[in-house]
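What follows is a short report on a single structure.
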Amino acid sequence: MIRTHTCGELRKSNLDQEVRLAGWVNSWRDHGGLVFIDLRDRYGLTQVVFSPRTDAKLHDLARTLRSEYVVAVRGKVAARPEGTVNPSMPTGEIEIAADDLEIQNKAETPAIDMAAEDSIATAQRMEWRVLDLRRPVVQQRLIFRHKVARIMRRYFDSLDFVDVETPFLAKSTPEGARDFLVPCRLNPGTFFALPQSPQLFKQLLMVAGFDRYYQIVRCFRDEDLRAQRQPEFTQLDVEMSFIGMEDIIGIIEGMMALIFKETLGLELSLPIQRMTYREAMDKYGCDAPDIRYGMNLCDVSDIAKRTTFRVFTSAIESGGVIKGFNAKGFGDLSRKDIDNLQTDIAGIGAKGLAWLKYGDEGLASPIRKFFSDDLAAELATRMNAQKGDLLLFVADEPKIANTCLSFLRTTLARSREGIIPKGIFKLTWVVDFPLVEWNKDEKRWDSVHHPFTAPHPDDVGLIETDPGNARSLGYDLVMNGVELGGGSIRMHRREMQEKVFNLLGISPERARDRFGFLLKNLEYGAPPHGGIAFGLDRMVAMLQGADDIREVIAFPKNQKAACPLTGAPSVVEPKQLRELHIKLADET
RNA sequence: GGGGCCGUAGCUCAAUUGGUUAGAGUACCAGACUGUCGAUCUGGGGGUUGCGGGUUCGAGUCCCGUCGGCCUCGCCA
């Protein structure tokens with residue numbers, strides 16, 4: 001037996017036991033006489049001491065130990081002498097008085113600082129990910145992830161959900177994100193697609209009568225990356241039959257409460273609050289609002305209309321709105337700061353940024369002269385402006401105004417300590433999403449959620465008369481301004497599904513080609529059903545206060561979707577391509 | 001595809017207005033040291049300032065290009 005105990009478990013109660021430990025040299029302290037080694041494994045650190053009095057040869061060998069050597073030691077658990085107890089270590093009351101040492105493997109000097117808490121460049125860490133993963137802080141994040149997944153599995157199992165695996169080699173559905181394609185040797189010229197999600201399969205499982213399904217499953221999307229986005233990521237996927245939105249919400253709230261309780265020891269107060277999509281857009285300008293702090297958006301079109309400021313009045317005349325918010329306490333921003341903000345939102349499409357500061361003599365700014373005193377007072381009251389505040393406004397079509405103001409609100413809130421409370425989690429459901437959204441470029445209606453989302457029963461009539469105002473039975477769970485998961489009740493009748501495909505401009509032929517297997521099966525006894533999918537990476541990262549999901553993925557990709565550790569993706573042998581009947585296009 | 005930031009020792013960073021031989025901490029190597037635990041002390045090695053070009057008497061610093069990394073918008077049904 002190489003080890004009898006782990007490096008995290010020995011205590012005073014083990015005194016005088018003869019033990020064997022194995023692990024990596026976390027640090028070494030050579031006193032000429034005594035040599036101290038902190039031995040590390042997944043479970044913790046234990047100090048090993050080598051004395052020349054015990055065995056001179058052993059002591060000499062111990063002096064050659066260096067960082068990250070893999071060693072096995074044998075020795076007796078000893079109480080540390082008075083005054084040398086280390087209270088910051090769980091094993092700090094004891095040490096191993098070594099009487100044997102075997103160097104299992106030497107190690108090159110680590111390329112990254114193994115002791116660093118953080119602040120190692122991400123690129124360095126990812127290139128040396130194996131060493132990085134050896135660091136206890138990094139290991140703990142993955143272990144935390146394991147615990148979350150285990151809680152989910154236990155929870156759904158206890159509620160009679162069945163874990164069913166669905167194919168990775170699936171059919172391409174070009175309607176959504178870009179697919180990763182996989183050529184099929186046996187069928188020249190054809191390709192599988194890696195699933196963007198198991199959406200269609202889980203619906204088919206409902207038709208098949210599985211009733212309650214869940215899966216923790218990898219999904220693939222060939223889109224540009226972000227800190228919150230990887231080309232392959234993990235979803236908790238859930239689908240249920242004979243239920244409505246309230247059933248799903250209830251089940252998920254139970255799950256969230258359990259996760260909070262068992263991982264962080266926090267009581268999540270249920271039910272989780274809800275807001276409509278409209279309310280989210282009105283107050284926060286986005287569909288995933290961060291409700292941990294204020295500075296809510298406010299429509300002041302009615303006031304702006306009565307000013308003599310052409311930018312405002314003409315925006316309203318052309319169907320736009322004037323929205324803004326009170327950047328509490330940001331009255332000390334300089335002209336340059338505000339110009340920078342304006343530059344930022346110009347990239348989103350804003351034509352300008354109007355502002356007023358509330359100073360010693362009330363509102364002041366270059367545009368103050370367009371406001372009568374009464375109007376200025378009305379504005380100040382409406383926006384609860386006080387001395388030291390900065391009022392920011394965007395005049396534009398609602399979508400652009402909302403996007404810009406939402407950006408400004410979050411940017412300013414993040415720029416100063418104390419605005420966003422730390423260490424708290426604020427959740428909200430967002431419901432009553434629109435069914436579809438007008439795509440200006442393609443001149444068509446696109447699904448807000450996906451093409452299988454059922455319309456709100458009260459709004460079915462609007463599909464033909466006023467699609468833009470039809471609500472869906474979709475719902476998102478949002479935490480601290482990030483969408484954790486989203487789902488919907490699906491259409492289980494073919495006629496309704498075809499009606500929506502028709503609205504989306506998906507012809508019967510195309511629908512049959514892409515989703516024929518779903519449509520056909522909907523005619524063979526599809527139960528009412530619905531579900532939800534959660535971004536596991538995101539959830540786990542946020543629960544640990546990490547803002548990059550790479551922190552909770554063992555081997556993540558970089559921003560160019562490449563694996564810095566293995567070098568994937570890479571070119572392949574011409575022979576492989578020939579077998580797949582693939583010829584590369586000439587490109588320079 | 002658009003916009004922005006960054007690239008200096010293994011790692012984290014510094015280097016005045018463009019000005020002498022590019023520094024510090026840490027890591028590494030050697031020596032000293034029997035109670036350290038971020039050990040300490042003494043000494044040492046370590047650089048194509050990502051790469052290429054340009055401006056200049058002189059470039060880590062300025063300009064152009066390129067490569068790499070990161071952020072962001074588009075995109076992500």
Side-chain angles (χ1 to χ4, degrees), chain A residues 26-38 45-54 59 63 66-68 78 80-89 91-92 95 97 108-128 131-132 173-179 196-197 199-200 219-231 233 340 343-350 403-404 407 410-411 435-437 439 441-442 444-453 472 474 483 486 488 500 504 506 514-515 535 547-548 550 558-560 562 564:
Chain A
N26 191 69
S27 59
W28 51 282
R29 297 176 290 280
D30 183 351
H31 284 240
L34 295 176
V35 172
F36 296 95
I37 298 293
D38 286 344
L45 289 174
T46 299
Q47 174 164 286
V48 182
V49 59
F50 298 90
S51 167
R53 285 188 195 154
T54 313
H59 176 254
R63 295 191 78 177
R66 292 295 180 267
S67 288
E68 301 308 315
R80 294 199 193 179
E82 187 132 5
T84 65
V85 165
N86 185 345
S88 62
M89 283 171 83
T91 62
E95 63 193 2
E108 295 294 321
T109 302
I112 58 173
D113 182 358
M114 301 294 290
E117 279 296 318
D118 261 307
S119 86
I120 308 172
T122 311
Q124 293 292 336
R125 291 179 52 198
M126 294 310 155
E127 185 180 347
W128 298 98
L131 293 177
D132 189 45
T173 55
E175 271 71 22
R178 277 186 206 96
D179 287 320
Q196 297 167 25
S197 80
Q199 179 62 35
L200 295 169
C219 303
F220 306 87
R221 293 178 191 177
D222 186 9
E223 294 292 347
D224 287 0
L225 275 62
R226 291 279 195 291
Q228 294 272 18
R229 217 193 286 162
Q230 284 272 303
F233 60 99
N340 286 339
T343 308
D344 287 341
I345 61 170
I348 307 172
T403 308
C404 293
F407 172 86
T410 51
T411 303
L435 182 67
V436 291
E437 180 180 45
N439 182 329
D441 298 333
E442 307 284 336
R444 64 166 193 236
W445 293 102
D446 280 346
S447 293
V448 167
H449 190 51
H450 59 53
F452 317 107
T453 298
S472 75
E483 182 196 325
S488 63
V500 170
L504 297 173
I506 300 173
R514 299 299 178 198
F515 312 112
D547 48 15
D548 189 335
R550 282 175 293 195
N558 68 13
Q559 197 163 35
K560 288 225 171 112

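Within every chain, numbering begins at 1; the chains are lettered A, B, ... in the order of the sequence lines, protein sequences first and strands thereafter.
- Between the C1' atoms of B/U21 and B/U55, the separation comes to 25 Å (whole Å).
- Straight-line distance between the P atoms of B/G10 and B/C67: roughly 25 Å, to the nearest whole Å.
- For the pair A/E223 (side chain) and A/R178 (backbone), a donor-acceptor distance under 3.5 Å is present.
- At a threshold of 4.0 Å, the pair A/D132-A/R125 counts as salt-bridged, since one of the basic side-chain nitrogens sits closer than that to a carboxylate oxygen.
- As a whole-Å value, the separation of A/R221 CZ from B/G74 P is 16 Å.
- Rounded to whole Å, the C1' atom of B/G1 lies 38 Å from the corresponding atom of B/A9.
- Comparing B/U34, B/C76, B/A77 by their nearest atom to the side chain of A/P52 picks out B/U34.
- With a cut-off of 3.5 Å on both Watson-Crick or G-U wobble distances, the partner of B/U26 is given as B/G10.
- Spacing between atom CG of A/L225 and atom C1' of B/G69 amounts to 13 Å, rounded to whole angstrom units.
- Counting any heavy atom pair closer than 4.0 Å across all strands shown, A/N558 reaches sugar-phosphate atoms only and no base atom.
- Atom CG in A/D113 sits roughly 11 Å away from atom P in B/C11 (whole-Å rounding).
- The A/R178 side chain lies nearest to B/C75 when the options are B/C28, B/A39, B/C75.
- When the nucleotides B/U36, B/A39, B/C29 are ranked by their closest atom to the side chain of A/T84, B/U36 comes out on top.
- Taking atom CZ on A/R444 and atom P on B/A77, their separation rounds to 13 Å, with Å as the unit.
- Counting only heavy atoms from C-beta outward, the side chains of A/H450 and A/S488 approach each other to under 4.5 Å.
- B/G25 sits 15 Å from B/G46 when the C1' atoms are compared, rounded to a whole Å.
- Spacing between B/G69 and B/G23 at atom P, rounded to whole Å, works out to 31 Å.
- Taking a cutoff of 4.0 Å between a charged side-chain nitrogen and a carboxylate oxygen, A/D446 and A/R444 qualify as a salt bridge.
- At a threshold of 4.0 angstrom between heavy atoms, the contacts of A/R63 include nucleobase atoms, whether or not backbone atoms are also involved.
- In terms of position on RNA chain B, the residue among A/S197 and A/Q228 whose nearest nucleotide sits closer to the 5' end is A/Q228.
- Atoms CD and CZ, from A/Q199 and A/F515 in turn, are 10.0 Å apart once rounded to the nearest 0.5 Å.
- Atom CE in A/M114 sits about 13 Å away from atom C1' in B/G10, given to the nearest Å.
- Residues A/D179 and A/R221 are not paired through a salt bridge, judged by the lack of any N-O separation under 4.0 Å between the basic side chain and the carboxylate.
- Of the candidate nucleotides B/U34, B/C29, B/A77, B/A77 has the atom nearest to the side chain of A/S447.
- In this structure, the CG atom of A/L34 is 15 Å from the C1' atom of B/U40, given to the nearest Å.
- Nearest to the side-chain atoms of A/S67 among the listed nucleotides B/G69, B/C28, B/C37 stands B/C28.
- Note on A/R80: a base of the nucleic acid sits closer than 4.0 angstrom, heavy atoms only.
- The C1' atoms of B/G44 and B/G3 are separated by 48 Å, rounded to the nearest whole Å.
- The same atom, P, is picked in B/A32 and in B/C11; the two are 31 Å apart, to the nearest Å.
- Of the candidates B/C70, B/A77, B/U36, B/U36 carries the atom nearest the A/E95 side chain, counting heavy atoms from C-beta on.
- Pairing for B/A15 is absent, with no Watson-Crick or G-U wobble pair whose two atom distances lie under 3.5 Å.
- Of the candidates B/C71, B/C28, B/G74, B/G74 carries the atom nearest the A/D224 side chain, counting heavy atoms from C-beta on.
- When heavy atoms are screened at a 4.0 angstrom cut-off, A/Q124 is found touching the sugar-phosphate backbone but no base atom.
- Across all strands, A/T173 comes closer than 4.0 Å to no nucleic acid atom at all (heavy-atom distances).
- Pairing of B/G47, defined by two Watson-Crick or G-U wobble distances under 3.5 Å, is not identified with any nucleotide.
- Here the separation of B/A30 from B/G52, taken at their P atoms, is 35 Å to the nearest Å.
- Mapping A/A177 and A/F36 onto RNA chain B by nearest heavy atom places A/F36 closer to the 5' end of the strand.
- Here A/R550 lies in heavy-atom contact (under 4.0 Å) with sugar-phosphate atoms only.
- Atom P of nucleotide B/C29 and atom CG of A/D30 are separated by 12 Å, given to the nearest angstrom.
- In this structure, A/N86 and A/R80 have side chains that are in contact, with non-hydrogen atoms separated by less than 4.5 Å.
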